Amino acid sequence: MRCLSCNSLSIDIICKECQDQLLRSSFFKRELEKDFFVYSFYEYEEIKDLINSKYHFHGDKIYKILADLSFKLFAKNFSYKNVIAVPIDDHTRHQFSQSAILAQSLNSEGIKPVFSTLKAQNIVKYAGKDLKFRKNNPRNFKYNGKKGLQIILVDDLVTSGQTLLEAKEVLKQNSCEVLFALALSDAKM
């Protein structure tokens, strides 16, 4: 196979050299509301095409690479114990769930991913929509997991933060504490 970036022969869809040179993660922080932060790893413009791979058959491979280069490294340096990673609406719409791939990469001594617990009842597409549209068309999340957990919310992209705030509120109503959110990229950074 050929590397999507440099077109050289590679075992991976993005060769190790391009991963090392082009996909080094950083660490960004944005406060969505008082004392609730989302941390992200890439500037949106740098990985926009890679994020949009979720609409293609090879997207799961790209998301796995990005997850290993960011979320997995984060988990190795995480000091909390007994924290649960909950992907935002992790059911499959495009052959795979990008948020589930990211959450799985957090699996470590201190963080355990839990799947299929936070589901949107309203399947509306937010891509390209403004904050007013997002607020008028909430996801209406339903949580069916255990209560009393400490949780990290996981999503691939944060724009307005509305989805994360709505998910946080639903988890709070279910006696869970959302510590913070993680995303591959923050489109507002």
Side-chain angles (χ1 to χ4, degrees), residues 3-8 10-56 58-81 83-90 94 96-113 126-128 131 134 150-168 178-189:
C3 171
L4 284 180
S5 181
C6 71
N7 209 27
S8 65
S10 173
I11 294 172
D12 294 314
I13 196 161
I14 301 173
C15 72
K16 295 292 184 199
E17 189 171 321
C18 287
Q19 289 179 37
D20 291 342
Q21 291 180 2
L22 304 174
L23 296 177
R24 281 194 195 149
S25 63
S26 296
F27 201 62
F28 304 97
K29 175 181 176 180
R30 177 166 49 129
E31 191 172 35
L32 294 180
E33 66 180 17
K34 185 167 177 25
D35 298 325
F36 180 60
F37 297 92
V38 59
Y39 299 94
S40 58
F41 300 97
Y42 295 99
E43 291 184 24
Y44 178 66
E45 288 301 319
E46 290 179 347
I47 65 165
K48 178 171 54 173
D49 292 337
L50 299 177
I51 283 181
N52 288 329
S53 72
K54 65 185 167 189
Y55 304 113
H56 302 287
H58 62 278
D60 61 326
K61 294 169 186 57
I62 291 173
Y63 267 78
K64 177 71 170 115
I65 289 169
L66 290 170
D68 286 349
L69 294 172
S70 56
F71 281 64
K72 188 176 250 183
L73 289 176
F74 176 87
K76 284 182 183 179
N77 296 305
F78 191 73
S79 60
Y80 287 94
K81 299 288 183 208
V83 173
I84 304 300
V86 174
I88 295 284
D89 199 26
D90 63 344
H94 313 288
F96 66 95
S97 167
Q98 62 271 17
S99 59
I101 290 171
L102 299 172
Q104 182 60 44
S105 290
L106 289 171
N107 192 19
S108 61
E109 187 177 315
I111 306 171
K112 296 299 172 211
Y126 283 171
L131 180 59
R134 291 166 189 253
Q150 287 189 312
I151 291 176
I152 299 171
L153 282 172
V154 176
D155 207 355
D156 63 335
L157 178 65
V158 60
T159 51
S160 69
Q162 192 63 37
T163 299
L164 292 171
L165 291 172
E166 184 183 345
K168 177 183 177 271
V178 180
L179 301 174
F180 54 86
L182 289 176
L184 272 177
S185 182
D186 185 337
K188 299 288 184 181
M189 296 304 284

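Owing to the predicted nature of the structure, the values given are computational and were not obtained by experimental measurement.
- When all heavy atoms of D155 and F71 are compared, the closest pair comes out as O-CZ, 4.2 Å.
- Contact detail for I14 and Q19: the closest heavy-atom pair is O-NE2, 2.7 Å.
- Although no hydrogens or angles enter the test, the distance criterion places no donor-acceptor pair under 3.5 Å between the side chain of Y80 and the main chain of G110.
- The two residues C3 and C15 have their closest heavy-atom pair at SG-N, 3.3 Å.
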Q: Determine, step by step, whether L50 and I65 satisfy the side chain to side chain contact (heavy atoms under 4.5 Å, CB included) criterion, reporting the C-alpha distance in whole Å, the side-chain angles of both residues, the deciding distance to 0.1 Å, and the verdict.
A: CA-CA 10 Å; L50 299 177; I65 289 169; over 6 Å; no
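- Ring geometry for H56 against H58 counts as parallel: the plane angle stays under 30°, on a 0 to 90° scale with 60° as the upper cut.
- Once rounded to the nearest 0.5 Å, the distance linking CG of L182 with CG of D156 reads 12.5 Å.
- The number of heavy-atom neighbours closer than 6.0 Å to CD of E46, taken from other residues, nucleotides and ligands shown, is above 12.
- Ring to ring, F41 and F27 are close: their centroids are under 6.0 angstrom apart.
- Within a 6.0 Å radius of NZ in K16, other residues, nucleotides and ligands contribute 12 heavy atoms or fewer.
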Determine whether K112 and N107 satisfy the following criterion, side chain to side chain contact (heavy atoms under 4.5 Å, CB included), listing intermediate values before the conclusion. CA-CA 5 Å; K112 296 299 172 211; N107 192 19; 3.4 Å; yes
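- For the atom pair NZ (K188) and OG1 (T159), the distance works out to 6.5 Å, reported to the nearest 0.5 Å.
- Salt-bridge check for D60 with K64: failed, with every basic side-chain N at 4.0 Å or more from each acidic carboxylate O.
- Contact record, S70 with L184: OG-CD2, 3.6 Å, taken as the closest heavy-atom pair.
- Of the possible donor and acceptor atoms, one in the side chain of S185 sits under 3.5 Å from a partner among the backbone N and O of Y42.
- Nearest heavy-atom pair, V154 versus A103, reported as atom, atom and distance to 0.1 Å: CG1-N, 3.8 Å.
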- Mind running side chain to side chain contact (heavy atoms under 4.5 Å, CB included) on I62 and L4 for me, showing each step along the way? CA-CA 10 Å; I62 291 173; L4 284 180; 3.5 Å; yes
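- Here L153 contributes atom CG and F180 contributes atom CZ; the two are 10.0 Å apart, rounded to the nearest 0.5 Å.
- Remark: E166 CD to I88 CD1 distance equals 9.0 Å, nearest 0.5 Å.
- More than 12 heavy-atom neighbours from other residues, nucleotides or ligands sit within 6.0 angstrom of CD on E31.
- Looking at Q104, its side chain never comes within 3.5 Å of a backbone N or O of P113 through a donor-acceptor pair.
- Using a 4.5 Å heavy-atom threshold, the side chains of I47 and L23 count as touching.
- To the nearest 0.5 Å, atoms CD1 (I51) and CG (L157) are separated by 5.0 Å.
- In terms of the ring pair (Phe, Tyr, Trp, His ring centres under 6.0 Å) criterion, Y44 has no residue partners (sequence neighbours excluded).
- One distance of note links NZ of K81 with CD1 of I111; it measures 10.0 Å at 0.5 Å rounding.
- With a 4.5 Å cut-off on side-chain heavy atoms, E43 and F28 count as touching.
- Between S105 and A75 the shortest heavy-atom distance is O-CB, 4.3 Å.
- Remark: side-chain polar atoms of S108 are paired, donor with acceptor, to backbone N or O of L106 under 3.5 angstrom.
- Side-chain contact between V158 and R30 is present, with heavy atoms from C-beta onward closer than 4.5 Å.
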